[in-house]
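Beneath this line is the structure, given in structure tokens, with notes to follow.
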Amino acid sequence: MVEILDTTLREGEQTAYVNFTIDEKIEIARMLDQIGVDMIEAGDPSVSPSVAKAIERIAGLGLKAEIIAHSVASRPSIDRAKNCGAHRVAIFYATSKIHLDAKLHKTQDQALDLICEHIAYARSLGLKVRYTPEDATRTDFDFLVQVCNAAIQAGADRISFADTLGIMQPHIMFERVSALRQRLLSCKIDLHCHNDYGLALANAMAGIRAGADCIHTTVNGLGERVGIPDLAETVMAFHNFEDERKFNIQPLVQISSYLEKVSGFFLAPNKPITGQNAFTHKSGVHTNGILKDPRTYEPFDPAMIGRERKIVIDKYTGKSAVAARLEEYSIAVSPAELEVIVMRIKNMGDNRKQLFDTDIIEIAEQVTGREIDVIPHDINALVMLEVESHVYTSAVVRRLRSFTNVSNVYEVTGEYDISALVNVENVMALNNLIEELRTVTGVKRTETRVILKKYTRSSSGGSQNLS
Ligand code: HCA
Ligand code: CU
């Protein structure tokens, strides 16, 4: 059974420009516990008093997960880990030549003594200890084995094989972890794989195959530089490929969205599992397959994690997808009308980024010559925002433009300062988005107008896509 240590609260908070409040950390810890991660690395108490406070509060929640404090090899830091009630301290000390020479100015022997001394000290305080040889993957392998075995003898029962720079490849990872497993005294092996080449999860999975016990993750793959394996990707890979059923997969999407909100760090649409496009299909060939049987182009049913598939309609779209979309609205068209509708969409698609349902209904109206009285499922809305007087409007505009569902932003005159055009899938998504917009620093209040129909100046009743 694979173990997961989630370090969103420690490694994740080391992401550039990301900081959580104590209450946000508590909420994240509770959600992680619901998912059933084995360990939560809650922070390094020496970083700041508020980090220490957060660890203390989380350790007091009585969660099922083991709560870990990260620490450098220093007695005052280990004391802080003890004082905040963590169950375990994770002591890290680099072992590679470059780190020993350039950063720590220590010989291998000095490092070895320091590491063992601090592990023994932590044990004397009654703490469980994980030892992390930072930059392990660039460490001379014999020295790595020597240090880890000394650490185990000093009282560590876990070793974190840290690929601090993300330079491993799966086949090398497999070899290294197999060798470690053979040469280390009795201990659990954690894998802390950075994602600098996009190989973090692949490397971690190879390490588990080779006999390691635990993978370190963060929600949304946060972390130094480009982060470490994403929690949802890791859990789903083990769930679907390895039949690992110990984790609760339902809250994965929710925790990912929550993290987007509180970190201000938004997912790329093509992010696996939780990204907006993970279950979105476009080309005629793909959508045709999906409509016949979703297994043709979906690795698993999105409903498993509470997501829905989506079919994009634009110039790549074939007849079957357009017919299915019209059917959703109970709009009946003849085969000949369908041909024309698809042709119009194809012609239109050349100069449009995205077609909304309003546009498709509008085309159907024009082609059939009948008025079609349906309200589109997807929603276009204008959100008016008033900005606090001491905040630059342009700063708020910049922030709003990073939201994927905000397509246009205007600075306007009048009672409100900004008008933002948004497009979302449904009312719930609109509510969530408005809530998020309200949390943007400087936003004082908002008012939302849902767009029912769009008209061009010149057309005779025809609506126009806003792009
Ligand atoms: C760092 C430390 C660490 C530690 C990993 C661990 C790494 O910030 O450099 O304790 O398992 O990547 O080596 O995150
Ligand atoms: Cu790290």
Side-chain angles (χ1 to χ4, degrees), residues 3-16 18 37-48 51 55 66-74 77-78 81 86-100 102-104 111 115 118-119 122 127-139 144 147-148 151-152 156-168 173 176-177 180 184 187-201 203-204 207-208 212-231 234:
E3 295 171 331
I4 290 185
L5 173 152
D6 189 277
T7 179
T8 304
L9 302 178
R10 197 278 299 172
E11 177 82 51
E13 207 182 35
Q14 286 179 225
T15 311
V18 168
V37 303
D38 300 271
M39 289 167 273
I40 295 174
E41 196 163 78
D44 176 340
S46 300
V47 166
S48 80
V51 173
I55 304 170
E66 183 176 85
I67 307 302
I68 301 173
H70 212 242
S71 175
V72 294
S74 100
S77 299
I78 295 167
H87 307 137
R88 171 185 292 277
V89 62
I91 300 174
F92 72 109
Y93 197 94
T95 47
S96 64
K97 187 164 168 18
I98 175 83
H99 276 240
L100 288 176
K103 184 180 87 174
L104 299 166
I115 291 161
H118 287 93
I119 292 172
L127 287 163
K128 292 196 233 172
V129 178
R130 178 181 96 221
Y131 165 61
T132 299
E134 191 191 13
D135 202 13
T137 52
R138 290 195 302 178
T139 299
L144 181 70
V147 176
C148 291
I152 295 164
D157 63 352
R158 278 185 180 272
I159 298 293
S160 171
F161 185 52
D163 187 20
T164 307
L165 276 78
I167 49 152
M168 280 288 97
M173 191 73 177
R176 299 266 180 100
V177 175
L180 267 186
L184 290 192
C187 70
K188 293 245 187 173
I189 300 180
D190 287 23
L191 302 167
H192 183 93
C193 299
H194 275 265
N195 201 30
D196 295 71
Y197 286 89
L199 291 171
L201 179 54
N203 288 334
I208 293 293
D213 303 278
C214 173
I215 295 184
H216 291 192
T217 65
T218 55
V219 178
N220 297 346
L222 295 174
E224 287 277 353
R225 304 186 303 283
V226 296
I228 67 170
D230 165 57
L231 174 70
T234 308

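For reference, positions follow the sequence shown, starting with 1. Keep in mind that this is a model prediction, so the values were computed, not measured. Indexing begins at 1, ligand by ligand and atom by atom, following the structure's order.
- Distance alone, capped at 3.5 Å, places no donor-acceptor pair between the D157 side chain and the C187 backbone.
- Each protein N, O or S atom less than 2.8 Å from the Cu ion (ligand 2) was counted, giving 3.
- Judged by distance alone, the side chain of R88 and the main-chain N or O of V129 form a donor-acceptor pair under 3.5 Å.
- Without hydrogens or angle criteria, T139 side chain to D135 main chain gives a donor-acceptor distance under 3.5 Å.
- With N203 contributing its side chain and M168 its backbone, the two residues share a donor-acceptor pair below 3.5 Å.
- With ring centers used as reference points, H70 lies under 6.0 Å from F92.
- In this model, no donor atom of one side chain and acceptor atom of the other lie less than 3.5 Å apart for D190 and S160.
- A heavy-atom cutoff of 4.0 Å around ligand 1 is satisfied by the protein residues R10, E11, Q14, H70, R130, T132, E134, S160, A162, T164, H192, H194, H216.
- Between R130 and E66 no salt bridge is recorded (no basic side-chain N to carboxylate O distance below 4.0 Å).
- Side-chain atoms of D38 come within 3.5 Å of backbone N or O of I4 as a donor-acceptor pair.
- In the displayed structure, K97 atom NZ is contacted under 6.0 Å by at most 12 heavy atoms of other residues, nucleotides or ligands.
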